[in-house]
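The structure presented is a predicted model; accordingly, all values stated were derived computationally and were not measured.
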Amino acid sequence: MEVSYKDLDHAEDVWNSKPRIMSVPKSELWEQIGELTAIDFRIRDLQKKCETEVIQEIKNLWLNQCEQLKETWFKDSKTGTYKKDLGYSDKDGMIQGLDKAIKVINNEMISLINTNLEFLSQILSDLNFDSVQNTINLLGFKQRVDISDKLSSFFYTKDNLFNLENQSIKLIQEWIKPTWESFSNNFNSIFSLIKRETWDDFVLNVNKILEGNVQDGFSKCFDFALSNTTELINFYNYFLEKQNRYEQETPEQREAEKAWIDQQRQKLDEIQKQINIILNQS
């Protein structure tokens, strides 16, 4: 009984929403789709920049610093050739220089990431959620609730996903910890040497780690942003399809639909009365 009543309530709610949906000018819906498409394009353009220029800039920061350290500590000032390894008299200076370089690169990397995430956040701020919500409010109750819940999750996810990193956080140190530990095992002893080959491998491994982690972070943010613009565009297309379908209905069809709803509700009311009579007699 309860389910049947709920079904009728839903059917009547949808029936009442039809005039509201048909009242929206198509030009307004297409304008919203056009604005969303433009925002989608700007997001993809920024994504391309981040995946190429920004990531490459971060990699260059690392490689350039490491090349300077290599020049300073591995290159023989007399012959101009690179030594095969560093002895204990040089390795401490190199490790100190590496530690400073990592801190500098960490700060610059975080600044680059934050700057571009702020750009992305600014683009998303152009999404006209008031207009979206006004259009959603024209739908039936169940659809309004379902779609409004998705909008609420957008703001929650955005706030957590775009939580800009504080420059005091040692991101690089966290990312490269296993690689650093493996590398540092080579010079734990005062008599151990740092081979140039080991250094070169360490530099390349960290370079891959930086690229992978920054790429993953950007991908999560841009995938989220693009999934929302796509979902909003799909919503307006869905609204247009629904509008077109309702406009094709004749007044007779709409009257027949309402009459069927009223008829079914009367039948349920009669059944409920009979049940109440039986319950009162027992």
Side-chain angles (χ1 to χ4, degrees), residues 1-41 43-44 123-159 223-282:
M1 288 288 291
E2 185 179 0
V3 173
S4 296
Y5 271 118
K6 283 184 177 179
D7 287 343
L8 285 178
D9 289 341
H10 174 64
E12 189 164 15
D13 191 38
V14 170
W15 188 86
N16 287 327
S17 73
K18 291 182 178 182
R20 299 196 300 268
I21 292 171
M22 289 188 290
S23 69
V24 182
K26 283 183 171 52
S27 58
E28 291 183 8
L29 299 173
W30 282 113
E31 182 179 351
Q32 290 301 317
I33 292 174
E35 290 178 2
L36 287 166
T37 302
I39 291 172
D40 186 273
F41 177 82
I43 293 171
R44 293 180 190 277
I123 294 173
L124 289 175
S125 68
D126 288 339
L127 291 173
N128 191 346
F129 283 105
D130 288 340
S131 178
V132 176
Q133 189 62 62
N134 289 337
T135 308
I136 291 172
N137 291 340
L138 302 175
L139 298 170
F141 175 76
K142 186 177 185 304
Q143 288 180 310
R144 288 203 307 272
V145 171
D146 290 344
I147 299 174
S148 294
D149 284 346
K150 290 182 180 179
L151 283 183
S152 299
S153 68
F154 166 84
F155 294 105
Y156 174 80
T157 306
K158 177 178 176 290
D159 290 342
D223 288 349
F224 164 78
L226 290 170
S227 69
N228 278 278
T229 54
T230 299
E231 192 164 337
L232 290 175
I233 290 171
N234 289 341
F235 164 70
Y236 279 111
N237 282 324
Y238 162 79
F239 194 94
L240 277 166
E241 291 172 5
K242 188 179 283 287
Q243 189 181 66
N244 290 334
R245 189 168 68 251
Y246 291 162
E247 287 173 347
Q248 292 174 7
E249 294 179 355
T250 64
E252 291 76 18
Q253 286 175 313
R254 288 196 286 275
E255 289 175 8
E257 182 182 6
K258 183 63 168 67
W260 181 87
I261 293 171
D262 292 341
Q263 185 182 40
Q264 296 303 310
R265 191 177 294 279
Q266 289 175 359
K267 288 181 179 179
L268 286 175
D269 289 343
E270 285 298 320
I271 294 172
Q272 185 62 57
K273 286 180 183 178
Q274 294 300 321
I275 291 174
N276 292 337
I277 291 172
I278 294 171
L279 291 175
N280 290 332
Q281 290 176 345
S282 61

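- Other residues, nucleotides and ligands contribute at most 12 non-hydrogen atoms within 6.0 Å of the CZ atom of F41.
- Between the E28 side chain and the P25 main chain, no donor and acceptor come within less than 3.5 Å of each other.
- In plain terms, the two heavy atoms of Y246 and V14 that are nearest each other are OH-CG1, 3.7 Å.
- Between the N280 side chain and the N276 main chain, a donor and an acceptor come within less than 3.5 Å of each other.
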Under 3.5 Å, side-chain donor or acceptor atoms of residues 141-148 against the rest of the protein: list the pairs with distances, not counting sequence neighbours.
unit_1	atom_1	unit_2	atom_2	d
K142	NZ	D146	OD2	3.3
Q143	NE2	Y238	OH	2.1
R144	NH1	L139	O	2.8
S148	OG	Q133	NE2	3.3
S148	OG	R144	O	2.8

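- Note that the CG atom of N228 and the CD atom of E231 stand 6.0 Å from one another [nearest 0.5 Å].
- In terms of heavy-atom proximity, F239 sits nearest to L29 at CD2-CD1, 3.6 Å.
- Atom CG in L232 sits 11.0 Å away from atom CG in N237 (nearest 0.5 Å).
- Taking all atoms of both residues into account, the shortest heavy-atom contact from S17 to G140 is CB-N, 3.8 Å.
- In this structure the side chain of L124 reaches within 4.5 angstrom of the side chain of I43, judged on heavy atoms.
- Applying the side-chain hydrogen bond (donor to acceptor under 3.5 Å, both in side chains) rule to N244 yields the partners K26; only residues at least two apart in sequence or on another chain are considered.
- Nearest heavy atom pair, residue L8 against residue I261, reads CD2-O, 4.1 Å.
- Looking at K267 and E270, their side chains never come closer than 4.5 Å, going by heavy atoms from C-beta outward.
- In terms of the salt bridge (charged side-chain N to carboxylate O under 4.0 Å, His left out) criterion, D223 has no residue partners (sequence neighbours excluded).
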Exercise for the section: Could you please spell out the steps behind the side-chain hydrogen bond (donor to acceptor under 3.5 Å, both in side chains) verdict for D262 and Q266? Expected result: CA-CA 6 Å; D262 292 341; Q266 289 175 359; over 6 Å; no

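- I21 contributes atom CD1, which lies 11.0 Å from atom CG of L240 (distance to the nearest 0.5 angstrom).
- Distance check, rounded to the nearest 0.5 Å: OG1 of T37 to CD of Q32 gives 11.0 Å.
- For the residue pair E257 and W15, the shortest heavy atom distance occurs at OE1-CD1, 3.4 Å.
- Residue L127 holds its CG atom at 7.5 Å from OG1 of T229, rounded to the nearest 0.5 Å.
- Although no hydrogens or angles enter the test, the distance criterion places a donor-acceptor pair under 3.5 Å between the side chain of Q243 and the main chain of V24.
- Ion pairing of R265 with D269 is absent here, as no side-chain N (NZ or NE/NH1/NH2) approaches a carboxylate O to less than 4.0 Å.
- Using a 4.5 Å heavy-atom cutoff, the side chains of E12 and K258 are in contact.
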